[in-house]
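The structure displayed is predicted, hence computed values, not measured ones.
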Amino acid sequence: ADKKILFDGNAQDYHIGLDDSTDSLTIGKGSTLGTTTSMSFDANGIITKPLQPAFEVAGGGGNWAANTVGQFDNETFDIGSNFNTGTYRFTAPIAGVYYFSWGTLSEAADTSQYSRIRKNGSSVGPALERGSTINRSHWSQTHIMVLAVNDYVDIYGHTGNNRLDSGDSFAGFLIG
């Protein structure tokens with residue numbers, strides 16, 4: 001049978017307990033075990049955090065215009081709904097350390113291309129850059145940064161001849 005400890009808060013209750021149906025130790029919000037689980041430990045010691053902010057998006061295809069924010073408008077997933085496909089930004093729902101990665105498929109280029117991650121509209125970290133006369137290639141980069149609540153992150157690009165095409169991707173998640 002399910003067993004739990006209930007913490008009765010002023011405005012919010014929390015629980016820690018054994019969910020017998022899944023043989024998992026769970027920590028969650030509310031008084032009912034197995035609902036609104038924040039963290040779960042299974043019989044093999046695997047920890048899951050089903051509410052952890054995370055997203056993966058892809059470009060909608062076509063060219064990525066010069067000196068613009070990358071148009072990542074196809075969500076693969078978005079836990080917490082923190083990525084806006086209208087502004088192409090991830091907004092941090094909680095302060096913490098976040099991991100981001102992005103990649104671009106370059107069909108061809110006559111001049112140099114770069115993309116870089118931005119925090120609140122300012123570039124951070126090194127640019128992902130390729131020189132002239134590139135034929136079809138894929139390149140990617142990662143970056144870890146500290147974000148405060150409501151900081152936003154996007155990918156900004158310059159393409160010499162507007163030649164970055166579909167295959168663009170952008171992902172991120174809270175690591176701590």
Side-chain angles (χ1 to χ4, degrees), residues 12 27-29 36-40 46-176:
Q12 183 61 59
I27 301 172
K29 189 165 63 169
T36 319
T37 299
S38 297
M39 188 180 302
S40 178
I46 298 170
I47 301 170
T48 58
K49 300 175 186 176
L51 304 177
Q52 193 81 346
F55 72 94
E56 180 183 55
V57 291
N63 290 337
W64 186 358
N67 301 312
T68 61
V69 173
Q71 295 182 4
F72 299 99
D73 54 4
N74 292 324
E75 287 184 342
T76 305
F77 65 88
D78 185 4
I79 299 170
S81 299
N82 301 302
F83 189 88
N84 184 320
T85 56
T87 61
Y88 318 115
R89 294 177 175 170
F90 169 79
T91 301
I94 187 168
V97 178
Y98 289 80
Y99 173 91
F100 296 99
S101 66
W102 69 101
T104 307
L105 173 64
S106 174
E107 297 289 351
D110 303 329
T111 59
S112 65
Q113 307 172 340
Y114 73 80
S115 64
R116 62 178 51 217
I117 194 164
R118 298 189 316 172
K119 175 181 171 183
N120 300 327
S122 296
S123 296
V124 294
L128 180 56
E129 186 168 8
R130 291 293 183 260
S132 62
T133 319
I134 301 169
N135 291 319
R136 187 175 172 87
S137 64
H138 184 267
W139 22 296
S140 61
Q141 187 154 343
T142 63
H143 193 74
I144 296 174
M145 71 176 81
V146 175
L147 299 178
V149 173
N150 294 324
D151 279 348
Y152 70 86
V153 175
D154 57 24
I155 304 298
Y156 181 83
H158 163 75
T159 59
N161 260 350
N162 302 345
R163 301 289 296 244
L164 292 177
D165 291 315
S166 62
D168 303 336
S169 63
F170 180 30
F173 58 93
L174 175 66
I175 58 175

Which heavy-atom pair separates [X] from [Y] by the least distance, and what is that distance?
X: L174; Y: G96; value: CD1-CA, 4.0 Å
X: K29; Y: S38; value: N-OG, 4.5 Å
X: I79; Y: Q52; value: CG2-O, 3.3 Å
X: N74; Y: G59; value: ND2-O, 3.3 Å

Ignoring hydrogens and geometry, is there a side-chain-to-backbone donor-acceptor pair from D151 to A92 under 3.5 Å? no
What residue among Y98, F72, Y99 forms ring-ring contact (aromatic ring centres under 6.0 Å, His included) with F90? Y98
Just how far is it from atom [atom1] of [X] to atom [atom2] of [Y], taken to the nearest 0.5 Å?
X: R118; Y: M145; atom1: CZ; atom2: CE; answer: 11.5 Å
X: W102; Y: D168; atom1: CH2; atom2: CG; answer: 12.5 Å
X: Y156; Y: R116; atom1: OH; atom2: CZ; answer: 10.0 Å

Considering residues, nucleotides and ligands other than I175, do more than 12 of their heavy atoms fall under 6.0 Å from its CD1? yes
For a 4.5 angstrom cut-off between non-hydrogen side-chain atoms, does [X] reach [Y]?
X: N120; Y: Y152; result: yes
X: T68; Y: Y88; result: no
X: I117; Y: Q141; result: no
X: N84; Y: T91; result: no
X: H143; Y: V153; result: no

Mind checking whether F170 and F55 have parallel, tilted or perpendicular rings, split at 30° and 60°? perpendicular
